[in-house]
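Down below is the structure, laid out as structure tokens.
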Amino acid sequence: MTAQIIDGNAVAARIREEVRQGVEALKRDYGIVPGLATVLVGENPASQTYVRMKQKACQELGMVSFGYHLPGDASQIEVEALVRELSANPEVHGILVQLPLPRHLDEEGVLGAVALEKDVDGFHPVNIGRLAMKGREPAFVPCTPNGVIALLDSVGVQIEGANAVVLGRSNIVGLPTALLLIGRNATVTVCHSRTRDLPGVTRQADILVAAVGRPQMVRGDWVKPGAVVIDVGVNRVEDPTTKSGYRLVGDVAFDEVKEVAAAITPVPGGVGPMTIAMLMKNTLIAAQRRAKAQAAAPGGL
Ligand code: NDP
């Protein structure tokens, strides 16, 4: 069997087009342009690239981006003060604090300073708490996990009742993905570095999500025939045949697993484009909510 390749670029392009139309409508109906503030601390090259990609996406979709770049030795007080200022700025509808922050900073304190209604990354402790609780809705769903679910939906996977295995339990990918799958009535197993017999666990999965950051760790014989495999991992491996000297691979041995799975995401071109598309969607939602609240307030817009 050769798996269906789930085309993240195509799904993301559809979402981006919907967002672009939503931005136009918001401008037309309310005179509001969605604004996303990005907060980058330090000189991590990967973080700089991610922030640039997010700012570029804003421009392409007709949104405004406000870029803030603090030095790597910025203090907790300085970073939180900036985030609070942005939380109070009416032109900013979404705030994105690029993670990871330098080690001397307390991530929870910084993320906790983001106004809930601007938490377009969905990482505010209250939003994660709501995501974890039955019958509660977070203001925003974290972008990469939301992208994982959208990719599953794009190929019509039956999530309800499925055995889902999530490899990785990080705050930004593994854990929220597991919570979303639980919310969609899958039976979910979360694996991590202390899990025993990983291949034995992953072979039980109808839906397998890999988010560990280990190049091509998931082999063909780790996967149940007919499973759907979503590869979140982005890893650089040396490759002298490329101009840059490296190439990107996922956490899944794609060539092996595609012979076993029913559907699989490639890297690149799978989950990656979904993350930014979902961030843009969340920023539009934040601006739409603000527009409606302003219109409903005494005196209207
Ligand atoms: P983290 O390093 O924060 O978390 C990795 C998780 O994998 C941890 O829970 C860790 O376990 C677990 N793990 C690590 N090694 C093993 C192992 N050998 N066996 C079993 N479990 C293991 O990574 P992130 O969640 O931030 O990211 C995961 C991957 O996803 C990375 O490649 C990252 O680049 C990529 N990513 C991609 C995005 C996209 O848009 N496509 C967005 C964000 C991330 P433990 O908790 O025990 O330490």
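Both counts, for ligands and for their atoms, begin at 1 and track the order of listing. One is the number of the first residue; the rest follow in order along the sequence.
- Using a non-hydrogen distance threshold of 4.0 Å, Met274 does not register as a contact of ligand 1.
- Nearest to atom 48 (O) of ligand 1 by heavy atom, out of Pro268, Cys191, Cys143, Ser193, is Ser193.
- Ligand 1 has Thr144 within reach: a non-hydrogen atom of the residue lies less than 4.0 Å from it.
- The protein heavy-atom contact nearest to atom 34 (O) of ligand 1 is Val234 O, 3.4 Å.
- Once rounded to the nearest 0.5 Å, the distance linking CG of Leu151 with CG of Asp231 reads 11.5 Å.
- In the candidate list Ala211, Ser170, Pro145, Gly8, Ser170 is nearest to atom 25 (O) of ligand 1, counting heavy atoms.
- Ranked by closest heavy atom to atom 41 (N) of ligand 1, the top entry among Thr177, Val232, Thr265 is Val232.
- Of all protein heavy atoms, the one closest to atom 29 (C) of ligand 1 is Gly213 N, 3.6 Å.
- The presence of a protein heavy atom under 4.0 Å from atom 2 (O) of ligand 1 is ruled out.
- The proximity of Asn171 to ligand 1, defined as any non-hydrogen pair under 4.0 Å, does not occur for either the backbone or the side chain.
- Proximity of Leu175 to Leu179: side-chain heavy atoms (C-beta onward) are separated by under 4.5 Å at one or more points.
- Nearest to atom 40 (O) of ligand 1 among the protein's heavy atoms is Thr275 OG1, 2.6 Å.
- The protein atom (non-hydrogen) at minimum distance from atom 19 (N) of ligand 1 is Leu198 CD2, 3.6 Å.
- One finds a salt bridge joining Arg20 and Glu17 here, because a Lys/Arg side-chain nitrogen approaches an Asp/Glu carboxylate oxygen to under 4.0 Å.
- Of the protein's non-hydrogen atoms, the one nearest atom 44 (C) of ligand 1 is Val173 CG2, 3.8 Å.
- Contacts of Asn235 with ligand 1, taken as heavy-atom pairs under 4.0 Å, involve the side chain alone.
- Side-chain atoms of Gln59 and Gln55 form no donor-acceptor pair, as typed in the model, at a separation below 3.5 Å.
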